[in-house]
Amino acid sequence: MKKQESFVSVVLVIKNNFNILTSYIKELSDDLNQSYSDYEIVIIDQSSTDETSANIDNLLTEYKSIRYILLSSEVTEDVAVAAGYENAIGDFVVNLDIQRDPVSLVNKLVTLCKQGNDIVLGVTKQPTTAMYNIIRPYVKRILRSIGYDFPRDFSGSMCLSRRTVNAVTESGRFYHKLYVRIAKTGYKSIDFKYDSKVVSNKKDIVTGIKEALHFTIFNSTKPLRWMSTLGVVGSLLAFVFAVYSIIVNIFTNNVTQGWTTLVLFSSVLFALLFTMLAFFGEYLARLLNDRSEHRSYSVVYEKNSNVMLDENRFNVLYDSESDDLNIVKTGRNK
């Protein structure tokens, strides 16, 4: 079978997975070597505490085109994947879960990406609890309001074209905003359904709420503005209650002395407080939009395979330079 000329990067995020990493790398390397002339495997290590860092040199010696990047501390999954995409150099970049995804998924995702789909999203059936299914539609509406519009059973594995990776990584802080930035690139996206190697744990209501809060807080200032709106509503309610206390005092004779004054004073203070919080929230949202550009992850070191490129491949044809080479060898240029 003729190898494809495309340069493919495969990103693997690991955390104490060395027990399955060796066999997975062997299978993945064999598959990539048979399918592509140029490829790389980018391993993002979430500061593993097992024998990964001690034994990674054996993998780098045995298999070519592997880049091992050790992070200084564990970060969230989206930040780790973003680190892989930022360091990948391929024409097509695929990220896989070594515990769940078969290596054959790479070829399928890349093939669809080559057909004009800049974003190919892996979708696999994930078991969920009854409560999760109840709140899922409401959570989906919230996520869509901030631009997160991925399929329900999105596994996290995907393939991006080079121009999509560039569009995402060149637009400021993208680490926590990776998935929303991908959705907002405007490039053509397609879903690809596949069967995973293992059945994932059931998604419950706690997991769903945590994921929703993470994506909402890190990807948008809308929650802050929602709280600002709530502050305005609170100030209006305080004003209404102040008016109510005055009306009660006018039309009712059995009001305790000082009650109206106390309620009126408290309501005015609460109205001022909620109004101030609303303005503070709006200005804080603007500051967050213009916050400093610092990285969300740090790299301890990077290690590469002994062989990163196929030394039998050249950037130019030998025949095109043969005459010049002969001139140099025979000394006819003198």
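Only this structure's heavy atoms are used, side chains among them; waters, hydrogens and symmetry mates stay out. Keep in mind that what you see is a predicted model, and the values were worked out from it rather than measured.
Nearest approach of Asn17 to Lys15, heavy atoms of both residues: OD1-N, 2.9 Å. In terms of heavy atoms, Glu74 sits closest to Ser47 at N-CB, 4.2 Å. Residues Ala167 and Thr185 come closest through the heavy atom pair CB-CG2, 4.2 Å. Of all non-hydrogen atoms in Cys113 and Ser161, the two that sit nearest each other are SG-N, 3.7 Å. The shortest heavy-atom contact between Thr124 and Ser196 is OG1-N, 3.5 Å. Residues Asp97 and Tyr24 come closest through the heavy atom pair O-OH, 4.1 Å.
Residue Val123 is not grouped with residue Val94 when hydrophobic side chains (ILVMFWY) are merged at heavy-atom distances under 4.5 angstrom, including chains of intermediate members. Linking Ile, Leu, Val, Met, Phe, Trp and Tyr whenever their side-chain heavy atoms come within less than 4.5 Å puts Leu12 and Phe18 in one cluster. The hydrophobic cluster containing Ile20 also contains Leu28, counting ILVMFWY residues as joined when their side-chain heavy atoms lie under 4.5 angstrom apart, directly or transitively. Residues Val103 and Leu112 fall within the same hydrophobic cluster, defined by Ile, Leu, Val, Met, Phe, Trp and Tyr side chains chained together at heavy-atom separations under 4.5 Å. Both Val168 and Phe154 are assigned to one and the same hydrophobic cluster, defined by single-linkage of ILVMFWY side chains at heavy-atom distances under 4.5 Å.
Note that NZ of Lys114 and SG of Cys159 are 10.0 Å apart. Values are rounded to the nearest 0.5 Å. Rounded to the nearest 0.5 angstrom, Leu21 CG and Gln99 CD are separated by 11.0 Å. If you take CD on Glu5 and CG on Asp38, they are separated by 7.0 Å, rounding to the nearest 0.5 Å. Taking CG of Leu60 as the reference point, atom CD1 of Ile43 lies at 7.0 Å (rounded to 0.5 Å). Distance OG1/Thr169 to OH/Tyr85: 11.5 Å, rounded to 0.5 Å. Distance OH/Tyr39 to OG/Ser9: 12.0 Å, rounded to 0.5 Å.
Taking the side chain as every heavy atom from C-beta outward, Leu105 and Phe192 approach each other to under 4.5 Å. Residues Lys3 and Asn33 have side chains in contact (heavy-atom distance under 4.5 Å, counting atoms from C-beta outward). Inter-residue side-chain proximity for Tyr68 and Thr52 is flagged as met; some heavy-atom pair is nearer than 4.5 Å. Residues Gln46 and Asn16 are not in side-chain contact: their nearest non-hydrogen atoms beyond the backbone lie 4.5 Å or more apart. Annotation: side chain of Ile56 is not in contact with side chain of Asp45 (no heavy-atom distance under 4.5 Å). Between Met158 and Ile182, the closest side-chain pair of non-hydrogen atoms falls below 4.5 Å. Side-chain contact between Asn19 and Asp50: absent, with no pair of heavy atoms (C-beta onward) separated by less than 4.5 Å. Here the side chains of Ile41 and Tyr63 are not in contact, with every heavy-atom distance at 4.5 Å or above.
Side chain of Ser155 to backbone of Gly122: a donor-acceptor contact under 3.5 angstrom is found. At least one donor-acceptor pair closer than 3.5 Å links the side chain of Asn95 to the backbone N or O of Gly156. Judged purely by atom type and a 3.5 angstrom limit, Arg67 uses its side chain to pair as donor or acceptor with the backbone of Asn87.
In the model, Asp101 has a side-chain atom that pairs as donor or acceptor with a side-chain atom of Ser157 under 3.5 Å. In this model, no donor atom of one side chain and acceptor atom of the other lie less than 3.5 Å apart for Asp78 and Tyr179. Between Ser65 and Glu40, the side chains place no donor N or O within less than 3.5 Å of an acceptor N or O (distance only, hydrogens not considered). Checked by atom type, the side-chain pair Asn107/Tyr36 shows a donor-acceptor distance below 3.5 Å.
Atom CG of Asn58 has more than 12 neighbouring heavy atoms from other residues, nucleotides or ligands inside a 6.0 Å radius.
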(message) Assess the residue pair Arg162 and Asn166 against the criterion (side chain to side chain contact (heavy atoms under 4.5 Å, CB included)); give the C-alpha distance rounded to whole Å, side-chain angles, the decisive distance to 0.1 Å, and a yes or no.
(response) CA-CA 6 Å; Arg162 171 45 54 183; Asn166 291 342; 3.2 Å; yes

(request) I would like to know whether Leu71 and Val79 meet side chain to side chain contact (heavy atoms under 4.5 Å, CB included); could you show each step before the answer? (result) CA-CA 11 Å; Leu71 302 186; Val79 173; over 6 Å; no

